[in-house]
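Since the structure comes first, as structure tokens, the remarks are kept for the end.
Convention: sequence-line order gives letters A, B, ...; per-chain numbering from 1.
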Amino acid sequence: MPKNGRLKGGRPSRNFDPRYARKTSFRDRHAGGRPIRDDDRRTDAGERRSASSDGRADRRPGSISPKHRGYRPPDAGGAAPKRRWSDSERAGRDEARAIRNRAESGRREAPHRRGDRDERGHGRRFEERPERRFDERPRRDGGFGRDGRGRDDRSDRSHRSRDERGTRGGYDRRDERPRRDDRPRRDDRPGFERGHRSARPVRHDRFDAANRAESVRAREEHVDIVHERLEAEAVRASDVADVSFSDLGLGSNIVEALKNMGAETPFPIQAATIPSILQGRDVLGRGRTGSGKTIAFGAPLVESILQSQRGGRREFGRRPRALILAPTRELALQIDRTVQPIARSVGLFTTQIYGGVPQARQVGALKKGVDIVIGTPGRIEDLIEQRKLDLSDVRIAVLDEADHMAELGFAEPVQRILRRTGTGLSGGTTSQKLLFSATLDREVAAIVDEFLVDPAVYEVAGEDQDSSSIEHRVLVIEHRDKAEVLGSLVDREGRTLVFTRTRAYAEMLTEQFEDAGIPAVALHGDLNQAKRTRNLHKLTSGKVRVLVATDVAARGIHVDDIDLVVQADAPDEYKTYLHRAGRTGRAGHAGRVVTLITRHRRRRMEDLLARAQIHAPFDVAEPGDDVIEEIAGRMPTDAELTA
DNA sequence: AAAAAAT
């Protein structure tokens, strides 16, 4: 049954393939797979329980859905439904918080009760993840690598389970690995692996087939993969030292607009991509975080759209001719802030199309006619479906953070959207595609193979991590010290961005900091869009100096002068590390990244850093240690003293 | 686990 009545009764929808209905259902996305319950609605609607507590953190494991063991109906025990907190409850809350914080962070890391596992004697640790099976992966030979290497690219140095690493000593090159097919399959392997699996939440037997397949894939998403590198033409900064934006082919209005934005001369990635984009080529661009990628595609996109309409009039209700897709609403907004002034300088209009806000304004803008649409996939598909957005005239489509947009869950909507672009262009041509990311690699292969024609691939020479202005540190702490260490890390003058793995923990840490007298705000997908915007603005405007965010803020978001990034939870993927770290050290400023881990995660962290090609000292620390003072900037580091 | 559309 379609989740959306509109689909059932309404117009035909090629856009919504029923096979994906489950994955894209409202329920799955907004209630973690559970049916909506009364208390969900309350927290969604209200946010009334104080700014810092909007209730999501109170969910307990076990109350997943009626199908699951341990499910507690909302009115279990005849208790009255949740209501507003009384004063006495609120008073008790503060006291309870400290305790709960600690307990909760303990639960988080071992949500399935480590004791269970130990009793079974499997000795498997929760840090180990099942690995991808070869035969489950799409095989993609050939592709677009210039050297024509057609090997299976997706497993290069993938994170492997401990038993294998133990025997081989660290990850190694793909070439040294035995063929996967020669080894026993996961299900046939002895107890180790199976023990691990059975120690996972007990629900397997109750899942229907679709759910099970999805959970397998979801776990595989946790595997950190180094994809094969894209062969790219490297541009040297020295090669483009005295090239100007007009030399690259941009018109004077646009050059002027760029100048007003502070972009006097092109950065290397811009010098590389702009001419090719103006030539109409498909382009892949890789440039370090903060290296000016938005202008690298935004400026030539505007120029190109302008040229394509030369002589023509801008009619009312014209269809958009360019589309820029981003993975988060904040990023879409930010791209618009860069592209809009460029577009306006030549009389073109942009509009943002993203979810979480009323459609009316967006639809109104589309009706009047816009030239460039900037947005996120969900709402764009929604409006296409409603016939309020027509992409058939789009002649340039951009994927920002393209590797992320090519990940599971994003790729399908993105592909459906791209298929809608440029279908109305004359001469049988299709839309030009531009893919950009700081970590662009062959993860985008599926998109490239379907949509790009002989793409030009660019990167900037010498952009390794050693040349970066970011200092990386790892603190090895005891789990019980985590809250305290975090508290003292963020109690500082500069702007600090704290990353957590989950929304609930982001919310909890925000509360913890607030309770400790450190003004802090949260940014994550459980907040409504107004609040997300407001909280981010509180950081950019300087109202607060601490932002606690999930990976919604990991990519693309630019905030000036974040000088410390704290990873309260270590990332699972090296790319995530790079993007999170890239929120600091922007435009050559100094920045510092500190990652908190516990002892047993040390090895895994070393592996991840190696994949990211980052060197970082590990320090064992406990509350009060000088190293924490140094990282927070309250005390000079050795390096700073000798400098 | 997070993100991305609203019923």
Problem - Separation of atom CD in A:Gln529 from atom P in B:dA3, rounded to whole Å - result: 11 Å
Practice task
Apply the test salt bridge (Lys or Arg N to Asp or Glu O under 4.0 Å) to residues A:Arg319 and A:Asp393: give CA-CA distance (whole Å), side-chain angles for both, the deciding distance (0.1 Å), then the verdict.
Solution key: CA-CA 6 Å; A:Arg319 292 185 285 268; A:Asp393 276 357; 3.2 Å; yes
Exercise for the section: Consider the side chain of A:Asp382, meaning its heavy atoms from C-beta on, and name the nucleotide among B:dA5, B:dA3, B:dA2 that approaches it most closely. Expected result: B:dA5
Problem - Of A:Leu547, A:Thr510, A:Thr550, the residue whose pairing with A:Leu523 passes side-chain contact (heavy atoms from CB on, under 4.5 Å) - result: A:Leu547
Practice task
Return no unless some side-chain N or O of A:Thr550 is found under 4.0 Å from OP1 or OP2 of B:dA1.
Solution key: no
Practice task
Please check the phosphate of B:dA4 (OP1 and OP2 only) for any side-chain N or O of A:Arg329 closer than 4.0 Å.
Solution key: yes
Practice task
Please tell me which of the listed nucleotides, B:dA5, B:dA1, B:dA3, lies nearest to the side chain of A:Glu573?
Solution key: B:dA1
Completion exercise
note: A:Ile380, atom CD1; B:dA3, atom C1'; distance rounded to Å ~ 14 Å
Exercise for the section: Tell me what A:Arg555 touches on the nucleic acid: a base, only sugar-phosphate, or nothing, going by heavy atoms under 4.0 Å. Expected result: nothing
Problem - Shortest side-chain distance from A:Arg503, nucleotide among B:dA1, B:dA3, B:dA5 - result: B:dA3
Exercise for the section: Round to a whole Å and report the spacing from CD of A:Glu385 to P of B:dA6. Expected result: 14 Å
Practice task
Would you please name every residue forming a side-chain hydrogen bond (donor to acceptor under 3.5 Å, both in side chains) with A:His472, sequence neighbours left out?
Solution key: A:Tyr577
Problem - Contact under 4.0 Å: A:Arg416 side-chain N or O vs B:dA4 OP1/OP2 - result: no
Handout entry: Nearest-nucleotide pick for A:Arg532, side chain only, options being B:dA5, B:dA3, B:dA1
Key = B:dA3
Practice task
Can you tell me the distance, in whole Å, between the CG atom of A:Leu408 and the P atom of B:dA2?
Solution key: 16 Å
Handout entry: Atom pair distance, as rounded to whole Å: CG in A:Leu527 and P in B:dA4
Key = 11 Å
Exercise for the section: Would you please name every residue forming a side-chain hydrogen bond (donor to acceptor under 3.5 Å, both in side chains) with A:Gln340, sequence neighbours left out? Expected result: A:Thr350
Problem - Whole-Å distance separating the CG atom of A:Leu523 from the C1' atom of B:dA3 - result: 12 Å
Practice task
May I have the distance from A:Asn528 (atom CG) to B:dA4 (atom P), rounded to whole angstrom?
Solution key: 12 Å
Problem - A:Thr328 side chain near B:dA4 phosphate (N/O to OP1/OP2, under 4.0 Å) - result: no
Problem - Distance, rounded to the nearest Å, where A:Met405 contributes CE and B:dA2 contributes C1' - result: 14 Å
Practice task
Using a strict 4.0 Å threshold on nitrogen-to-oxygen distance, state whether A:Arg603 and A:Asp607 make a salt bridge.
Solution key: yes
